[in-house]
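Keep in mind that this is a model prediction, so the values were computed, not measured. Letters A, B, ... are given to chains in the order of the sequence lines, protein chains preceding strands, and every chain is numbered from 1.
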Amino acid sequence: MFLPSALTQESAMSDKPRVRFAPSPTGYLHIGGARTALYNWLYARHTGGTFILRIEDTDRERHTPEAVQAIIDGMKWLGMDWDEGPIHQSERLARYQEVAAELEKKGLAYKTTKGAEEKGEALAFRVAAAQEKVVFDDQVLGKVEFQDEVIEDFILMRSNGWPTYNFSCVIDDHDMAITDVIRGLDHVSNTPRQLMIYKAMGWETPRFAHIPMITNSEGKKYSKRDGAVAVGDYANAGYLPEAFANYTALLGWSPGGDLEIMSREVMVEKFTLDRVRKTASQFDFQKLEWMNGKYIEGLPAAELAGRVAPFMKSAGLDPDARGSEWLEKLGQLLKERAHTLVQFPKLSRYFFADDYEVVPQAAEILAKDTAPAALKAALGALEALPEAEWTPAKLDPVLREAAKAAGMGFGKLAQPVRAAVTGTNVSPGLFEVLELVGKERTLARIRRVPGVG
RNA sequence: GACCCCAUCGUCUAGCCUGGCCUAGGACAUAGGCUUUUCAAGCCUAGAACACGGGUUCAAAUCCCGUUGGGGUCGCCA
């Protein structure tokens, strides 16, 4: 039976890009890796292609199951999914041996003990035979050209029997039918060697796209000492994955125009490799934090409350203590002031408990001669307000009236009340704060100020 | 050192491919102001860049060459 439509579909499908993220499990998913993964993922989703996760664990000493898990966790946190994998190179040894044998048989590779640290023979690739100028067309860099004399014979199979990166990488990219290799710029210099292997095997080469480095404030490759490097650190510090991904994507790529904050969908729609820059970019914590704040503000109340809750818990506050509606209101109150999730518990201890700290500035306000009078005026007005009317809408006129009656500007009354109830001179709007602290606690806190009760 | 890559405000970038609309736009940060119960947010304003030198052209941030500067890689790591 002839099925033209199925055939058409099939061949259309084979044109779809296949990309991979191939981290080495050395401990965690770091910023650079996260962005490389993201670009691959975005590219796959934009083109309707396939995204593959491959674990490059051919180095016997450096890989652990925990490290693999950390990478998977990091990717999931960032909202990435993959269509194939994770494929572990450590499970494909037989295939690497097979290709090695073929190259040796062709005379393109040879056994050697040269440069050996340990006993045993390694298999080296014979560059001399294939030597010529290497040129490739990079999707980000454009034409990249290497002089012909610079590359020397290199090791394919180590004397311990395992393949080296350049070898296993090529075999896997070929076997997995990878069409586009999107990786960090630090891999450019590996490309000529890899190209030689493709040629030696008679394999079609993928397209390459080398994306620029992420640097520290000194313009050097970003590393541990420059600040948080693992994506897990950002999760713990209260960054939203969508904000982190958005910010990171913008390090080296832009959708054009003035667009910065964009949904995942828009990012997928807009992402193309030809808009990736060639220049390294510095990781700017301030801008990340600003963007995170924007994302926090944009979260629906219930969603925000849900994200904040775990951070409350780990700070020793019970997010469920006053009910979900209360927690949502609290979130709304603090969201414009918090740039990260960890700041929520820091800004809200006095809503939960009486053991909050009193900052010097607040103590100062309460120690002023004028404080008791202001507090007494407020206290009288607040005592008279029924519990059922303990809302910002009612508290507002009541307190303003009290200030007027006492012959003072509202600010003169508000600051002492704020200091008495929150222990700080800085808080969200007073009426909203009083509402959430509750009538009973508010009154008690005002009464206990010396000279008032 | 060799090889490779890069070069727009302090930072992220738009513009560059397809020269003219660029007295170079936006964002973060900074400074000042407005608003105001404090803070935050918001709004307004300011300063702030085409690395340098040649060339091509009527015209160059945009194209070419050089210089300088920066980065990456030089492993039986990835």
Gap in Å between the two C1' atoms, one belonging to C76(B) and one to G71(B), rounded: 28 Å
Selected nucleotide, minimal atom distance to Glu56(A) side chain, candidates A78(B), C5(B), A41(B): A78(B)
Closest to the Ser281(A) side chain, choosing from A40(B), C4(B), C12(B): C12(B)
Whichever of Gln415(A) and Leu250(A) has its nearest RNA chain B nucleotide further upstream toward 5': Leu250(A)
Nearest to side-chain heavy atoms of Thr279(A), which nucleotide of A7(B), C28(B), U73(B): A7(B)
Side chain Lys287(A) and base A27(B) donor-acceptor under 3.5 Å: yes
Inter-nucleotide P distance (G69(B), A61(B)), Å rounded: 25 Å
Charged tip of Arg20(A) within 45° of Trp41(A) ring normal and under 6.0 Å: no
N/O (side chain, Arg275(A)) to phosphate O (OP1/OP2, G15(B)) under 4.0 Å: yes
Any Thr424(A) side-chain N or O less than 4.0 Å from OP1/OP2 of U38(B): no
Flag side-chain contact, heavy atom, 4.5 Å: Met267(A) against Pro255(A): no
Pair partner, A2(B) [Watson-Crick or wobble, under 3.5 Å]: U73(B)
Rounded distance in Å - CD (Glu297(A)) to P (C39(B)): 18 Å
Arg349(A) to Phe352(A) six-membered ring, cation-pi geometry met (6.0 Å, 45°): no
Heavy-atom side-chain proximity of Arg207(A) to Phe136(A) below 4.5 angstrom: no
Ala414(A) side chain, from C-beta outward: closest of C5(B), U37(B), G26(B): U37(B)
Side chain of Asp284(A) - closest among C28(B), A41(B), C5(B): C28(B)
Identified pairing partner of G19(B), criterion: Watson-Crick or G-U wobble below 3.5 Å: none
Nucleotide nearest Gln286(A) (side chain, heavy atoms from C-beta), chosen from U37(B), A29(B), C12(B): A29(B)
Under 4.0 angstrom between Lys278(A) side-chain N/O and G70(B) OP1 or OP2: no
Side-chain donor/acceptor of Asp226(A) to backbone N/O of Asn216(A), under 3.5 Å: no
Asn190(A) side chain to Tyr165(A) side chain, donor-acceptor N/O pair below 3.5 angstrom: no
Minimum-distance nucleotide to Phe146(A) side chain [options: C4(B), A27(B), G72(B)]: C4(B)
Side chain of Leu251(A) - closest among U37(B), C12(B), A40(B): C12(B)
Short side-chain N/O contact from Arg277(A) to OP1 or OP2 of C6(B), under 4.0 Å: no
Any strand: nucleotide that pairs with U30(B) via Watson-Crick or wobble, under 3.5 Å: A46(B)
Ion pair Asp175(A)/Arg92(A), N-O distance below 4.0 Å: yes
Check: A78(B) base within 3.5 Å donor-acceptor of Asp186(A) side chain: no
Partner nucleotide of U37(B) by Watson-Crick or wobble geometry (both distances under 3.5 Å): none
Below 4.0 Å: OP1/OP2 of U73(B) and any side-chain N or O of Lys221(A): yes
Phosphate-side-chain proximity, Gln147(A) and A2(B), N/O vs OP1/OP2 below 4.0 Å: no
Watson-Crick or G-U wobble partner of A61(B), both distances under 3.5 Å: none
Base of C74(B) paired with side chain of Ser189(A) (donor-acceptor, under 3.5 Å): no
Any Ser254(A) side-chain nitrogen or oxygen under 4.0 Å from OP1 or OP2 of A14(B): yes
Euclidean distance for P, C9(B) against A49(B) (whole angstrom): 9 Å
N/O (side chain, Thr215(A)) to phosphate O (OP1/OP2, G71(B)) under 4.0 Å: no
A14(B): pairing nucleotide in any strand, Watson-Crick or G-U under 3.5 angstrom: none
C1' gap between U35(B) and C44(B), integer Å: 11 Å
